[in-house]
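Every value quoted in this text rests on a predicted model; they were computed, and no experiment measured them.
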Amino acid sequence: MAKDCSFDVVSEFDRQELVNAVDQVKRDVASRFDLKDSGSSVELEADKTITITTSDEMKLKNINDILQSKLVKRNLSIRILEPQPVENALGGKVRQVFKLRKGLTQELAKKIVADIKDSKKKVQASIQGDQVRVSGKDKDDLQEIIRLLRSNEDKYDYPLQFTNYR
């Protein structure tokens, strides 16, 4: 009797790595010549948002570049950042909030399940909260599904991880 194999498709990030990346950005902003006296700040708020406040849009762009490079160095996808529009803050400053993406949305989960069904592989996909469970009898089919989802990651515009592979 063949046993079913499975894996989960999730979208999450390592919280501690994110905290470390934001701390490194704060240190860089405090020490960089062009950003040192600009009154810039980078705040991580309850694992939901990162807020950058600075004196002008050029410095905002520079800090955003630093943030993205620190995330990449710590193996975090920059797709976890969902940028909101730049807004004016008090004192003539500008602010940008980045929402952090964690967990698959219902629409994305449905799109992933539809893509898996369209692949015509002998696997089953089911939505379980903010993740998708894919199961099947053949491990090779599951490997093909992982390759398919990795190749479509640009289309989803979401960071995907594959966990609980059994």
Side-chain angles (χ1 to χ4, degrees), residues 1-29 42-52 57 60-86 95-166:
M1 184 167 116
K3 189 172 188 283
D4 272 1
C5 303
S6 68
F7 68 89
D8 295 332
V9 181
V10 297
S11 180
E12 52 193 33
F13 54 85
D14 184 349
R15 181 194 178 287
Q16 189 57 51
E17 288 295 333
L18 181 69
V19 169
N20 292 344
V22 170
D23 285 345
Q24 282 185 327
V25 171
K26 287 178 184 179
R27 269 187 256 125
D28 272 16
V29 167
V42 180
E43 301 299 323
L44 175 64
E45 293 152 16
D47 296 342
K48 300 261 189 260
T49 62
I50 295 175
T51 304
I52 300 174
E57 290 201 27
L60 181 69
K61 182 185 176 311
N62 289 345
I63 295 171
N64 186 8
D65 290 344
I66 294 169
L67 175 63
Q68 289 183 6
S69 71
K70 298 299 181 190
L71 290 176
V72 169
K73 283 182 184 173
R74 296 201 159 267
N75 293 325
L76 294 170
S77 172
I78 58 173
R79 289 188 177 134
I80 66 172
L81 299 176
E82 186 178 323
Q84 303 302 305
V86 176
R95 175 188 314 126
Q96 187 168 21
V97 175
F98 295 90
K99 289 185 180 175
L100 297 173
R101 296 175 174 168
K102 191 167 188 172
L104 300 176
T105 63
Q106 281 300 115
E107 303 86 51
L108 180 61
K110 288 177 184 175
K111 195 184 298 184
I112 289 172
V113 169
D115 285 350
I116 291 171
K117 288 187 192 291
D118 291 344
S119 73
K120 304 292 187 211
K121 296 285 179 196
K122 292 186 177 182
V123 296
Q124 295 77 42
S126 61
I127 300 172
Q128 297 182 342
D130 61 352
Q131 65 185 23
V132 175
R133 167 81 38 97
V134 181
S135 58
K137 294 203 184 299
D138 189 6
K139 285 188 175 185
D140 292 336
D141 286 343
L142 295 180
Q143 293 287 344
E144 285 294 320
I145 295 300
I146 290 175
R147 272 194 286 284
L148 170 79
L149 295 176
R150 281 211 173 109
S151 67
N152 288 344
E153 201 168 10
D154 286 339
K155 179 176 92 171
Y156 303 138
D157 194 35
Y158 240 78
L160 298 179
Q161 292 86 33
F162 307 99
T163 60
N164 293 336
Y165 188 81
R166 299 180 191 138

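- Atom CG of residue Asp65 and atom CD of residue Gln68 lie 6.0 Å apart, to the nearest 0.5 angstrom.
- Not counting sequence neighbours, the partners of Phe7 by the ring-ring contact (aromatic ring centres under 6.0 Å, His included) test are Phe162.
- The backbone N or O of Glu82 lies less than 3.5 Å from no partner atom in the side chain of Arg101, so there is not a single donor-acceptor pair.
- With Val42 as the partner, the side chain to side chain contact (heavy atoms under 4.5 Å, CB included) test is satisfied by one option alone out of Ile63, Asp28, Asn64: Ile63.
- Nearest heavy atoms, Ser135 versus Leu142: C-CD2, 4.1 Å.
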Would you check, one step at a time, whether the test side-chain contact (heavy atoms from CB on, under 4.5 Å) holds for Ile127 with Gln106? CA-CA 8 Å; Ile127 300 172; Gln106 281 300 115; 4.0 Å; yes

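- How far CG of Leu67 is from CD1 of Ile52: 5.5 Å, rounded to the nearest 0.5 Å.
- Taken from CD1 in Ile116 to CD in Gln124, the straight-line distance is 10.5 Å, to the nearest 0.5 Å.
- Among pairs with a residue in residues 105-116, those fulfilling salt bridge (Lys or Arg N to Asp or Glu O under 4.0 Å) read Asp115-Lys155, at least two apart in sequence or across chains.
- Put simply, the side chain of Leu100 reaches to within 4.5 Å of the side chain of Leu81, judged on heavy atoms.
- A donor-acceptor pair under 3.5 Å links the side-chain atoms of Gln96 to the main chain of Gln84, judged by distance alone.
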Under 3.5 Å, side-chain donor or acceptor atoms of residues 15-23 against the rest of the protein: list the pairs with distances, not counting sequence neighbours.
residue : atom : partner : partner atom : Å
Arg15   : NE   : Asp47   : OD1          : 3.3
Arg15   : NE   : Asp47   : OD2          : 2.7
Gln16   : NE2  : Asn20   : OD1          : 3.1
Glu17   : OE1  : Arg74   : NH1          : 2.7
Asn20   : ND2  : Gln16   : O            : 3.4

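- The minimum heavy-atom distance linking Leu104 with Ser11 is given by the pair CD2-CB, 3.7 Å.
- Atoms CG and CZ, from Asp8 and Arg133 in turn, are 4.0 Å apart once rounded to the nearest 0.5 Å.
- At least one side-chain heavy atom of Arg95 sits less than 4.5 Å from a side-chain heavy atom of Thr51.
- Distance check: Leu71 CG to Ile80 CD1 gives 5.5 Å after rounding to the nearest 0.5 Å.
- The closest side-chain heavy-atom distance from Ile112 to Leu160 is below 4.5 Å.
- Expressed to the nearest 0.5 Å, how far CG of Leu148 lies from CD of Gln143 amounts to 13.0 Å.
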